[in-house]
Chemist: 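Mind having a look at this structure? Questions to follow.
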Amino acid sequence: MREYPFIDCTERYDSIMVFGKNKDVLVHRWYPFVEGYSKEFIEDILQELPFTPQCAMEPFCGSGTTPVELQNHNIRCYSFEVSPFMYLLAKVKLERTYDEVTLVKYRNSVADTLKNPIQYIRREEAIPFGDTVVHKDGKKKWNFHDSSLDGILDIRYAIRTKVDDERYKKLFSIALASIILQASNMFRNGKCLSYKKGWENRIISRNEIHKLFLNQLDTVISEDVKILSSQSAKVCNADICYFGDVRKSIENVDDDTLDLIITSPPYLNSRDYTDIYMLELKVLELVNSHEDLQKLRKSTLRSHVQVKYEEVKPIDNARLINCLSDMKKSDAKSWNSDILNMICGYFEDMQQLFSAFSQKMRKGGVIYFNVANSAYFGVEVPVDMIISDIAEDCGMKVREIRKARDIKTSPQQSKSLGKKLHESVIVIDK
Ligand SMILES: C[S@@+](CC[C@H](N)C(=O)[O-])C[C@H]1O[C@@H](n2cnc3c(N)ncnc32)[C@H](O)[C@@H]1O
């Protein structure tokens, strides 16, 4: 089996691999994303590159950290995103034509409408789809109390009827998205949505919801738009941010054009982004039925078990085959063939992607690939090593695997593995 230089870079990377660092940063702060890295990670890469990149790519755009930051450095960056919510977020953050006067005009018009909300707003604005959105007889839990949902629907109505410029409509929708979790009875627990402690008695009035929204517009968005409109931008990455499954839409990039890829794909950790961002998807009417939801899940990378697939054969990789065989031998109670199928599907997707990366990259180009290892049934899956093998099989050269940080595992899992799992940055040369 191939070996790769493994370098401990925890001091360098530990604090910059988290999105939290972006929370006060121009534009990056428009929506509190969790599963991203910080703009410092991008800057760190640009500093170490011996050349100025001409054309980059981010295949898993998420909240847009990579294309936004590269745009700030006047570097073209293709990006791809399958979730309609993340796509909307990234496009809004990449737009460079907002101006203060128009923003204030629409803001005031929306604020005026919110002063006299329609009494029966649900006759004007549809309740987001699903059984647990608001209180219904027979349900023990619901995502929003009535006053919160009505407050949100008031805002959605005001945006729909008072903002006639699509760019601002989208911008205001992101301001609304940024308060949805706060307005709901839920929190993101890292894996999925859970109910807040004492949610039953935590009622927020309709008016307070309006205030949260207007505050986000006045303190965050307006301030940033003021700064943005005073800057001149040479490059705009909004037009090359594509909606859809990157496994297919990567074809939009010409061969031999890229000299840099920076990305962090979904990890092999069974987390489904569709679930994690369900409230935003529903409230913004980006997903309106169970069929929409299933369609979206089917187009995501195979890193979760929310979709059942036909049996997937493992790719020809000795490390992967050893892992699968150890898992099959394990006596873990939760042994489950859907998980094995997900693992095989994940690496099949990676193989397809790296074959495309190799085609789209110029000689001399570099890939920075941020992933984490996983463990199932007491067996570690060395995701970074398997992806390194895949990259080399596709004709590229792994320069090194950099350990970025240890990741949290349950005490039970650390005990059965005898070690912590880590996140790494694989540096690959074409
Ligand atoms: C770890 S996040 C990326 C975070 C990003 N680096 C940031 O800082 O915001 C991975 C993203 O990949 C997206 N994704 C999953 N499957 C995809 C697919 N098949 N095509 C494109 N994007 C996909 C998810 O919706 C998620 O937004």
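Order of appearance sets the numbers: ligands from 1, and atoms from 1 within every ligand.
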Chemist: Can you report which non-hydrogen protein atom sits closest to atom 7 (C) of ligand 1, along with the distance?
Modeler: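 Minimum-distance protein heavy atom for atom 7 (C) of ligand 1 reads T65 OG1, 3.4 Å.
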Chemist: Tell me the nearest of H28, M86, E81 to atom 11 (C) of ligand 1, using heavy-atom distances.
Modeler: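 It is E81 that holds the nearest heavy atom.
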Chemist: Among all protein heavy atoms, pick the one closest to atom 16 (N) of ligand 1 and tell me residue, atom and distance.
Modeler: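 The answer is L301 N, 3.0 Å.
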Chemist: Are S249 and ligand 1 in contact, using a heavy-atom cut-off of under 4.0 Å?
Modeler: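 The answer is no: ligand 1 sits nowhere under 4.0 Å from a heavy atom of S249.
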Chemist: Does the side chain of Q231 come within less than 4.5 Å of R96's, by heavy atoms?
Modeler: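 Touching, per the 4.5 Å side-chain cut-off.
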Chemist: Is ligand 1 under 4.0 Å from a heavy atom in the side chain of F60, in the backbone, in both, or in neither?
Modeler: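 For F60, the contact with ligand 1 is made by both the backbone and the side chain.
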Chemist: Going by distance only, is there an N or O of V246 that falls short of 3.5 Å from an N or O of ligand 1?
Modeler: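 Among all N and O atoms of V246, at least one is under 3.5 Å from an N or O of ligand 1.
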Chemist: So for ligand 1, is S63 a polar contact partner (N or O within less than 3.5 Å, distance only)?
Modeler: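 In this structure, S63 places an N or O atom under 3.5 Å from an N or O of ligand 1.
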Chemist: When only distance counts, is S299 in polar contact with ligand 1, meaning an N/O pair under 3.5 Å?
Modeler: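 Right, the criterion is met.
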Chemist: Going through the checks in order, is the side-chain contact (heavy atoms from CB on, under 4.5 Å) test met by T300 and Q306?
Modeler: CA-CA 10 Å; T300 59; Q306 295 283 25; over 6 Å; no
Chemist: Looking only at distances, please establish whether an N/O atom of ligand 1 is found under 3.5 Å from an N/O atom of Y273.
Modeler: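 No, since none of the N or O atoms of Y273 sits under 3.5 Å from an N or O of ligand 1.
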Chemist: Could you tell me, atom by atom, which parts of ligand 1 come under 4.0 Å of a heavy atom of C61?
Modeler: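 Close to C61: 5 (C), 7 (C), 9 (O).
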Chemist: Quick one: look at Y267 and ligand 1, take heavy-atom pairs under 4.0 Å, and tell me if it's side chain, backbone, both or neither.
Modeler: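 No part of Y267 comes within reach of ligand 1.
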Chemist: Counting from 1, what ligand 1 atoms have a heavy atom of S264 closer than 4.0 Å?
Modeler: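 Every atom of ligand 1 under 4.0 Å from some heavy atom of S264: 1 (C), 2 (S), 3 (C), 10 (C).
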Chemist: Short list, please: which atoms of ligand 1 are under 4.0 Å from a heavy atom of E58?
Modeler: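 Atoms satisfying the 4.0 Å criterion: 6 (N).
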